[in-house]
Amino acid sequence: MERPSPILQLIALFLLPYLLSHNLANTTIDLKTDESSLLAFKSHITNDSFDPTLRKNWTTKTSICNWIGVTCGSRHRRVIALNISYMFLEGTIPPHIGNLSFLVYLNITGNLFHGDLPNELAHLRRLRVLDFSNNSFAGELPRTWLGNMTDGLEELHLNDNSFNGIIIL
Ligand SMILES: *[C@@H]1O[C@H](CO)[C@@H](O)[C@H](O)[C@H]1NC(C)=O
Ligand SMILES: *[C@@H]1O[C@H](CO)[C@@H](O)[C@H](O)[C@H]1NC(C)=O
Ligand SMILES: *[C@@H]1O[C@H](CO)[C@@H](O)[C@H](O)[C@H]1NC(C)=O
Ligand SMILES: *[C@@H]1O[C@H](CO)[C@@H](O)[C@H](O)[C@H]1NC(C)=O
Ligand SMILES: *[C@@H]1O[C@H](CO)[C@@H](O)[C@H](O)[C@H]1NC(C)=O
Ligand SMILES: *[C@@H]1O[C@H](CO)[C@@H](O)[C@H](O)[C@H]1NC(C)=O
Ligand SMILES: *[C@@H]1O[C@H](CO)[C@@H](O)[C@H](O)[C@H]1NC(C)=O
Ligand SMILES: *[C@@H]1O[C@H](CO)[C@@H](O)[C@H](O)[C@H]1NC(C)=O
């Protein structure tokens, strides 16, 4: 078999590991951001005694891409979908949710989340589907960020909560 040219060997020896580690480091950092966002989300769940599946499953022992309800992109391995519908979870939505910058699909219908929706949701520029229906959210509808989000948003479900006010788009 023919040996690879010296220049190729040089690339293989020095450049490739450098490029790989550089990229891997970046991916790891980004995944850590997604992980800390999801852990913050988990820490704001105050009651899961009806169904403790999520608390038991969302542990740092495995990659977030294996966590129940979490879908990662096949190429960049960032969180693109979060579907934790009908898990009977009680709690609030922390601002850290706005750090899941690759999120396209967010579905938390059929839980008991309450409180306000954080303004940081407006940071989710790639979001297409948002289903917060059938929870216990209350207060004023956050018109400002909803207005900003509607550019990309294709589906928005807020029914069966206790919001006040109307949306002016
Ligand atoms: C991440 O990648 C970018 C561009 O590829 C580079 O400029 C940056 O220094 C990298 N960051 C780390 C922490 O490796
Ligand atoms: C927690 O949830 C369970 C099951 O849904 C419920 O029976 C219980 O009353 C809740 N506890 C509190 C403190 O709200
Ligand atoms: C979490 O659930 C997924 C999907 O059911 C499973 O593949 C994974 O092993 C579970 N992880 C833990 C730590 O239970
Ligand atoms: C969301 O999760 C529920 C319950 O785990 C499942 O039945 C449903 O198919 C999922 N929907 C999507 C779009 O992944
Ligand atoms: C995520 O968002 C929170 C609140 O919006 C912020 O304080 C925090 O610095 C962010 N964390 C990371 C790792 O970007
Ligand atoms: C959210 O999840 C529920 C249950 O899995 C499903 O019935 C509903 O269609 C989903 N909502 C959207 C907008 O995909
Ligand atoms: C709302 O979610 C609860 C579970 O939290 C479920 O029992 C109930 O059937 C849902 N209601 C509707 C109208 O989907
Ligand atoms: C909405 O968009 C405008 C213009 O891009 C910006 O100035 C404003 O800060 C945004 N508001 C929120 C809540 O993101």
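Just so you know, ligand 1 is whichever comes first in the structure, and atom 1 is the first atom listed for that ligand. Note that the structure is predicted; figures quoted are calculated from it, not measured.
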Colleague: Looking at atom 14 (O) of ligand 7, what's its closest protein heavy atom, distance included?
Modeller: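 Sorting protein heavy atoms by distance from atom 14 (O) of ligand 7 puts N134 ND2, 3.2 Å first.
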
Colleague: Please write down residue, atom name and distance for the protein heavy atom closest to atom 5 (O) of ligand 7.
Modeller: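 Checking every protein heavy atom, the shortest distance to atom 5 (O) of ligand 7 gives G110 O, 2.9 Å.
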
Colleague: Within the structure, does at least one protein heavy atom fall under 4.0 Å of atom 2 (O) of ligand 4?
Modeller: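 Within 4.0 Å of atom 2 (O) of ligand 4, protein heavy atoms are found.
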
Colleague: Considering heavy atoms of the protein only, find what lies nearest to atom 8 (C) of ligand 4 and give residue, atom and distance to 0.1 Å.
Modeller: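 Answer, as residue, atom name and distance: N83 ND2, 3.7 Å.
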
Colleague: Of the protein's non-hydrogen atoms, which lies at the shortest distance from atom 6 (C) of ligand 6, and what is that distance?
Modeller: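 Heavy-atom neighbour on the protein nearest atom 6 (C) of ligand 6: N107 ND2, 4.2 Å.
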
Colleague: For atom 11 (N) of ligand 4, is the nearest protein heavy atom under 4.0 Å away?
Modeller: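 So far as the 4.0 Å threshold goes, atom 11 (N) of ligand 4 is in reach of a protein heavy atom.
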
Colleague: May I ask you to check whether D160 has an N/O atom sitting below 3.5 Å from an N/O atom of ligand 7?
Modeller: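 No - when backbone and side-chain N and O of D160 are compared with those of ligand 7, no distance drops under 3.5 Å.
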
Colleague: Does the residue Y105 have a heavy-atom contact with ligand 4, meaning some pair of atoms that are separated by less than 4.0 Å?
Modeller: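 Checking ligand 4 against Y105, which is what was asked, there is a heavy-atom contact under 4.0 Å.
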
Colleague: Among all protein heavy atoms, pick out the one at the shortest distance from atom 4 (C) of ligand 7; state its residue, atom name and that distance to 0.1 Å.
Modeller: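 That would be F88 CE2, 3.1 Å.
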
Colleague: Would you call the rings of W58 and F41 parallel, tilted or perpendicular, taking 30° and 60° as the class edges?
Modeller: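 Rings of W58 and F41: tilted, 30 to 60°.
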
Colleague: By number and element, which atoms of ligand 4 are closer than 4.0 Å to a non-hydrogen atom of S85?
Modeller: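 Atoms satisfying the 4.0 Å criterion: 1 (C), 2 (O), 3 (C).
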
Colleague: What are the atoms of ligand 7, with element, lying closer than 4.0 Å to any heavy atom of Y86?
Modeller: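 What qualifies from ligand 7 is 2 (O), 14 (O).
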
